[in-house]
Each structure stands twice: as C-alpha cells, then as structure tokens.
Amino acid sequence: CGCVPPQGRRQVSGCCCPTMSAKWGSKLALKLSNLAETSSKESLQTLAKWIAFHRKRSTEFVAALSTLLPTTASSSTRATLILSVLHELMVLHKGDDEKWDSLADLRVQLGEGCLLPIADKLPSEKLSELLSEWDTLNAFGGPTLIRQMRRKLSSSSSSSSTKEAPVVKQ
C-alpha cells in the first residue's frame with residue numbers, strides 16, 4: 001500500500017496500516033464461516049491454535065468476534081460452534097504454565113470484549129457449562145468475569161421466565 005511504518009518499527013511482513021491489520025479479523029471471520037456444524041473437535045482446536053499463535057492480533061480478533069457473535073446468537077447451532085472454538089482457546093495449554101500464561105491477556109480480552117457484552121443472548125445451557133469449566137481453570141485470572149457473565153445469564157433467564165408465565169390477577 002506504500003505506507004511507512006511508525007518511527008522505530010520495521011516492516012516485517014505485510015503492511016502496518018489499520019486497513020491491513022483489519023484483514024486479520026476478516027481472516028478469522030472467514031475461517032469461522034468455513035466451519036461446518038459437524039466440524040470435528042480437531043478442526044475447532046486447530047482454529048483455536050491459529051488464534052493463539054496470532055494472539056498479537058487479538059484486538060482485530062475481538063473486534064471481529066464482537067460483531068460476529070451478536071449476529072449468530074439467534075442461531076443456536078452457529079453460536080454454539082463459535083463458543084466451542086472459544087472454549088478450545090480458553091482451555092488451550094492448560095497443563096503448561098508458561099504457554100497458559102502467554103494466553104492470559106487474550107483470554108481476558110475475549111471475555112471482556114466478546115462474551116460478557118452478549119452473555120445473555122448466547123445459548124444459556126452451553127455457556128453455563130463452559131463457565132463452570134473456565135471457573136475451575138481460572139481462565140480469566142479471577143472470578144470477576146465469570147460472575148458477571150453468570151449474573152447476566154441469570155437475569156436473562158429470570159426475565160424470560162417472567163415473560164413466559166405472566167401473572168394473572170383475578
């Protein structure tokens with residue numbers, strides 16, 4: 001594109017301008033759209049490992065997921081598929097402390113930027129199940145995000161139950 005990298009930074013590969021970095025979000029969206037509903041666990045893990053390998057692009061990934069997840073939340077199967085990829089990312093390297101710690105910022109960014117804002121719109125059974133495992137692993141470095149997501153889930157389920165069973169006054 002002919003841009004010049006900021007002073008003190010060298011151009012490694014590709015381009016440094018924002019339009020080129022946005023391509024990482026597009027790449028992720030394409031990879032997610034190519035997943036079939038019957039994708040194997042290995043396919044989900046491969047995508048999770050790709051995201052982890054390119055974790056320096058986490059800002060672009062979070063931006064792409066935060067626009068993609070709300071549009072798929074109404075489709076339970078598609079949202080569950082994306083949640084499965086995120087879950088594989090959340091539990092990646094759980095036995096290797098050094099690698100686990102290297103993904104800590106990415107996990108928190110995904111939790112704060114993608115999952116928390118729409119936790120009440122995602123498939124509640126699946127998310128509740130995942131939250132339990134993430135809590136056990138301390139995936140977000142503390143209980144705060146887990147509690148906030150559970151609170152959103154419980155407020156969403158209590159509001160939907162009041163909608164389903166209206167009180168009739170006699």
Side-chain angles (χ1 to χ4, degrees), residues 21-22 24-41 43-52 54-94 100-101 103-169:
S21 65
W24 285 97
S26 299
K27 286 180 183 181
L28 175 60
L30 180 64
K31 287 179 180 289
L32 286 168
S33 70
N34 286 336
L35 286 176
E37 292 174 8
T38 57
S39 291
S40 66
K41 183 172 181 140
S43 297
L44 303 177
Q45 289 172 337
T46 299
L47 182 52
K49 288 176 183 178
W50 180 83
I51 295 168
H54 296 289
R55 65 186 169 274
K56 291 182 180 179
R57 305 294 184 185
S58 61
T59 306
E60 292 91 349
F61 293 153
V62 169
L65 285 166
S66 64
T67 57
L68 187 62
L69 266 172
T71 61
T72 61
S74 60
S75 168
S76 176
T77 53
R78 199 78 196 145
T80 301
L81 185 66
I82 294 173
L83 275 176
S84 297
V85 171
L86 290 177
H87 173 68
E88 291 301 327
L89 187 56
M90 295 296 175
V91 300
L92 190 63
H93 303 306
K94 64 183 169 188
W100 174 261
D101 291 343
L103 297 176
D105 288 339
L106 176 61
R107 289 191 304 270
V108 171
Q109 285 180 1
L110 289 169
E112 290 175 345
C114 299
L115 296 169
L116 182 59
I118 63 161
D120 54 342
K121 294 171 182 58
L122 294 170
S124 58
E125 276 185 39
K126 179 71 173 176
L127 187 56
S128 294
E129 175 187 316
L130 298 178
L131 285 173
S132 296
E133 189 169 349
W134 297 343
D135 194 15
T136 303
L137 292 171
N138 195 20
F140 299 114
T144 307
L145 271 173
I146 300 285
R147 285 186 190 142
Q148 289 174 329
M149 284 187 240
R150 283 190 174 137
R151 201 172 307 128
K152 275 190 117 170
L153 273 177
S154 66
S155 68
S156 139
S157 64
S158 66
S159 68
S160 67
S161 65
T162 56
K163 289 178 188 174
E164 293 171 8
V167 177
V168 178
K169 294 182 181 180

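As a basis for the values below, the full set of heavy atoms in this structure was taken, side chains included, without hydrogen atoms, waters or symmetry mates.
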query: Can a donor-acceptor pair be found between the side chains of S43 and S40 at a distance below 3.5 Å?
result: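 There is such a pair (donor and acceptor under 3.5 Å, judged by atom type) between the side chains of S43 and S40.
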I need the minimum non-hydrogen distance between [X] and [Y], along with the two atoms involved.
| X | Y | answer |
| --- | --- | --- |
| V62 | G113 | CG1-CA, 3.9 Å |
| L44 | S84 | CD1-CB, 3.7 Å |
| R107 | A139 | NE-O, 2.7 Å |

Rounded to the nearest 0.5 Å, what separates atom [atom1] in [X] from atom [atom2] in [Y]?
| X | Y | atom1 | atom2 | result |
| --- | --- | --- | --- | --- |
| R57 | W50 | CZ | CH2 | 10.0 Å |
| I82 | T71 | CD1 | OG1 | 7.0 Å |
| L131 | D135 | CG | CG | 8.0 Å |
| K49 | L47 | NZ | CG | 12.0 Å |
| S66 | L115 | OG | CG | 10.5 Å |
| I51 | T46 | CD1 | OG1 | 11.0 Å |

task: Answer yes or no: is there a donor N or O on one side and an acceptor on the other, between the side chain of R55 and the main chain of A52, under 3.5 Å?
output: yes
message: Under a 3.5 Å distance rule, please check whether K152 uses its side chain to pair with a backbone N or O of L116 as donor and acceptor.
response: yes
message: Does D105, at its CG atom, have more than 12 non-hydrogen atoms belonging to other residues, nucleotides or ligands within less than 6.0 Å?
response: no
Contact check, side chains of [X] and [Y], non-hydrogen atoms, under 4.5 Å:
| X | Y | value |
| --- | --- | --- |
| L130 | L86 | no |
| T144 | R147 | no |
| M149 | F140 | yes |

- prompt: How are the rings of F61 and W24 set to each other: parallel, tilted or perpendicular (split at 30° and 60°)?
  reply: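 The rings of F61 and W24 stand perpendicular, inter-plane angle above 60°.
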